[in-house]
A.B. asks: 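The structure that follows is given in the form of structure tokens.
The basis for the numbers below is simple: all heavy atoms, side chains too, and nothing from hydrogens, waters or symmetry mates. We name chains A, B, ... by the order of the sequence lines, and we start the count at 1 in each one.
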Amino acid sequence: MGEGSLGGESHPAVTAAELGWNRAITAFTVSKPRVPRRDTGLFCFGVHHGDTETRRHRVKELENMAQAVETERKVNEGVDLRTMRHSAAHVMAEAVQQLFPDARFGIGPAIEDGFYYDFDLPRTLTPDDLEEIERRMKAIIKSDERFERRELGREEALAYFRERNQPYKVELIEDLTSGEVHGARDEAADSPDARGIRDGMVSLYRQGSFEDLCGGPHVESTRQMGAVKLLRVAGAYWRGDEKRPQLQRIYGTAWHSQTELDEYLWRLEEARKRDHRRLGTDLGLFLFSDQVGAGLPIWGEHGALLRSIIEDFWKEEHRKAGYQYVYSPHIGLIDLWRTSGHLSFYRENMYAPIDMDGQEFMLKPMNCPFHLQVYKRRVRSYRELPLRYNELGTVYRYEPAGTLHGLLRVRGFTQDDSHIFCRPDQLESEINGVLELALKLWRTLGFHEYQIELAVRDLNNLAKYLGTDEEWAQAEAALEKALIAHSLPYRRVEGEAVFYAPKIDIHLVDALGRKWQCSTIQVDFNLPERFDLYYVGEDGARHRPFMVHRALLGALERFMGLMIEHYGGAFPVWLAPVQAIVLPIADRHNDYAAEVVQKLRDAGLRAELDDRSERVNAKIRDAQLQKIPYMLVVGDREAEQNAVAVRLRSGENLGALPVEDVVQRIARENAERK
RNA sequence: GCCGAUGUAGCUCAGUGGUAGAGCAGCUGUUUCGUAAACAGCAGGUCGGGGGUUCAAAUCCCCCCGUCGGCUCCA
């Protein structure tokens, strides 16, 4: 295989594939520290892997890499990477301007690992254009152009950009000097361009023939640029608004040295290798079929097994935490959705009604209305609250075609849903309980790092929210206290709350660094009202219960997509669809091998037999590729001694051990969820 | 949904106007083997779908669908 060269002589116990895989993780984790993510300002956590088998090797690899990189830094050693990347965006803009004198410029910030610039061009860019632009950039870098700053008054600057037919720059200056407030997603308001506008003065940076609205800072001259590479073109709406023109965005990356650039590209390649979509087919986990439809995953063979293991674990933990499991149908009468309000605020995500005997049914996009029915089946007393209903409920939502993405964005998915009904005085402890359970699940499943947001109201726009100030204050406090109680770092985001209440969102990061929302914990002031929920209090009067929606893993599909990437397909023993495979050396060992398999199965383990008439080498290779944790080789010696020769997925060979010991060892790891 | 790219065997890919190819996987046979690929043979594709141009289309054009990279949105 291609990564064979990575299996250095020094680590004979570690196979090339395993080492290559781990090296990717190492690089991934190392590249991220200290660099705040630009879009959130939050510390971004690298993906970690719990496998300790080869940690030492990774550390060694890491040291070697760091050294190699260190010796390469020369001219641009002291240059801040972000500054360099932003300057690279300017250089790219200059190259684009050379090619398209009529180009209109959007914004061009540095981002994690690189930069982009948005252009409004007379025609669409081709891959050949990218090459040409890159060529010109290299020429510009070589010609050592200096970055020069100057300041203009507001009117002067406006005239300057109007004259050059740069409407986007004009708009930026106009908006940002008028103190207009923009939405949280308007990247322009936060860009270097915007920072070029201050106190009525507008700063510009020029290098070569290109001058841009910009707050800087920049490198001194284009020489200090390091290694630059353009990656792709993509459409991007001006100021993130789909109603505004779509510009062409070119993404690029820039590093201090060619070595670092190569390292980065290699890392991207490694990330692609553990993309859940690839592993899904390689490991026989799930599939999509054109015949079935886009965004509708099918769990086959090992994937379904893996999923059921997770579901069993999930159900068990929920029972322990005092939840009651319920089942609800996949469709409901249209009036249900009218009452719940989904018809008015969620319809574009719902599939069209199904007409049966003059009654209209709709496929469920959420489970809540059904759980509310369970609550409403009879009058509830304050004594029986809190009530916690949970369900792995499969919902269907119409998602625009362009947004589908493997298991991470699908049209039919199963939420690990729950609705908690409680008294106001119980809210805080309920939220606490939810976080407690969430952490237990995440940790057991191998995730230890998250990005958490506490989404609260937009204080400048209170009219669009339901509920009283008092309720909001209480709900927000309950959420926040629970986060603090669990010492979880979080970011408070104003204006991100849903109209019916505040919420906590937890994101995880995928193999390519994209963030995906998983957990969500939302208070709801809306549905109890709409369905007229109440309980009879101590005072004999009716009271409105608080309601909490929460999904912890989010959707089984998304979660498993993330988990596949997290483990790179090498699942820990308790999750592995096949925990052990028995490999007879010759056909005459098949009977003994079958006995061993039966012993493993009797102990509740998932074991298989590879009795093909292949050589052990081939059997081992296939088992490795399937990332099966235990390979048990049996030949004459083992059959005689009632033993198995144990080979681990890491490549480590434990030699011959008594069958009973091995069964016990694997059973223990399984029971301990390792 | 929008911008761009792309779709050939189960998988990875070659084939740019003249009769559809390779490796792996599969099947059959031989081999019975000690830690990452035994050997030989066979079989497998309406070239994503539909329409068009042409004597002739995997190849050129149009429409649709899927996929990939982004944007908007989101569990």
A.B. asks: Phosphate oxygens OP1/OP2 of B:G70: is one of them under 4.0 Å from a side-chain N or O of A:R249?
C.D. replies: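 So the side-chain polar atoms of A:R249 never come under 4.0 Å of the phosphate oxygens OP1 or OP2 of B:G70.
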A.B. asks: Starting at the 5' end of RNA chain B, what dot-bracket string do you get if Watson-Crick and G-U pairs under 3.5 Å are bracketed, crossing pairs use [ ], other-strand pairs use | and unpaired bases use dots?
C.D. replies: (((((((..((((....[..)))).(((((.......))))).....(((((..]....))))))))))))....
A.B. asks: For the side chain of A:F413, counting heavy atoms from C-beta on, which of B:U35, B:A75, B:U32 is nearest?
C.D. replies: B:A75
A.B. asks: Using the side-chain heavy atoms of A:E399, tell me which of these nucleotides is nearest: B:U35, B:A75, B:C3.
C.D. replies: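 Closest nucleotide to the A:E399 side chain: B:A75.
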A.B. asks: Can A:E496 and A:K503 be counted as an ion pair, charged N to O under 4.0 angstrom?
C.D. replies: no
A.B. asks: Both A:R588 and A:G554 contact RNA chain B. Taking the nearest nucleotide for each, which residue is further toward the 5' end?
C.D. replies: A:R588
A.B. asks: Which part of the nucleic acid does A:Q517 contact within heavy-atom distance under 4.0 Å: base, sugar-phosphate only, or nothing?
C.D. replies: sugar-phosphate
A.B. asks: Looking only at the side chain of A:Y237 (C-beta and beyond, no hydrogens), which of the listed nucleotides B:G1, B:A38, B:U12 gets closest?
C.D. replies: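 Looking only at side-chain atoms, A:Y237 lies closest to B:G1.
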A.B. asks: Both conditions, 6.0 Å and 45 degrees, for the charged tip of A:K315 above the ring of A:Y325: are they met here?
C.D. replies: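 Pair A:K315/A:Y325 counts as cation-pi.
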A.B. asks: Looking at A:E270 and A:R267, does any basic side-chain N land under 4.0 Å from a carboxylate oxygen?
C.D. replies: no
A.B. asks: With a 6.0 Å cut-off on ring centres, are A:Y251 and A:Y116 close enough?
C.D. replies: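 Ring-ring flag for A:Y251/A:Y116: true, centres closer than 6.0 Å.
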A.B. asks: Students often get this wrong, so: under 4.0 angstrom with heavy atoms, is A:V410 touching a base, only sugar-phosphate, or nothing?
C.D. replies: base
A.B. asks: Taking only N and O in the side chain of A:Y251, is any of them less than 4.0 Å away from OP1 or OP2 of B:C71?
C.D. replies: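 Yes.
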A.B. asks: Between A:H276 (NE2) and B:A75 (P), how many Å, whole number?
C.D. replies: 17 Å
A.B. asks: Can you tell me how far C1' in B:G52 sits from the matching atom in B:A20, rounded to whole Å?
C.D. replies: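 That atom pair is separated by 23 Å.
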A.B. asks: Here's a test of your reading of the structure: between A:R277 and A:A618, which maps to the more 5' nucleotide of RNA chain B?
C.D. replies: A:A618
A.B. asks: What integer number of Å spans the P atoms of B:A9 and B:A14?
C.D. replies: 12 Å
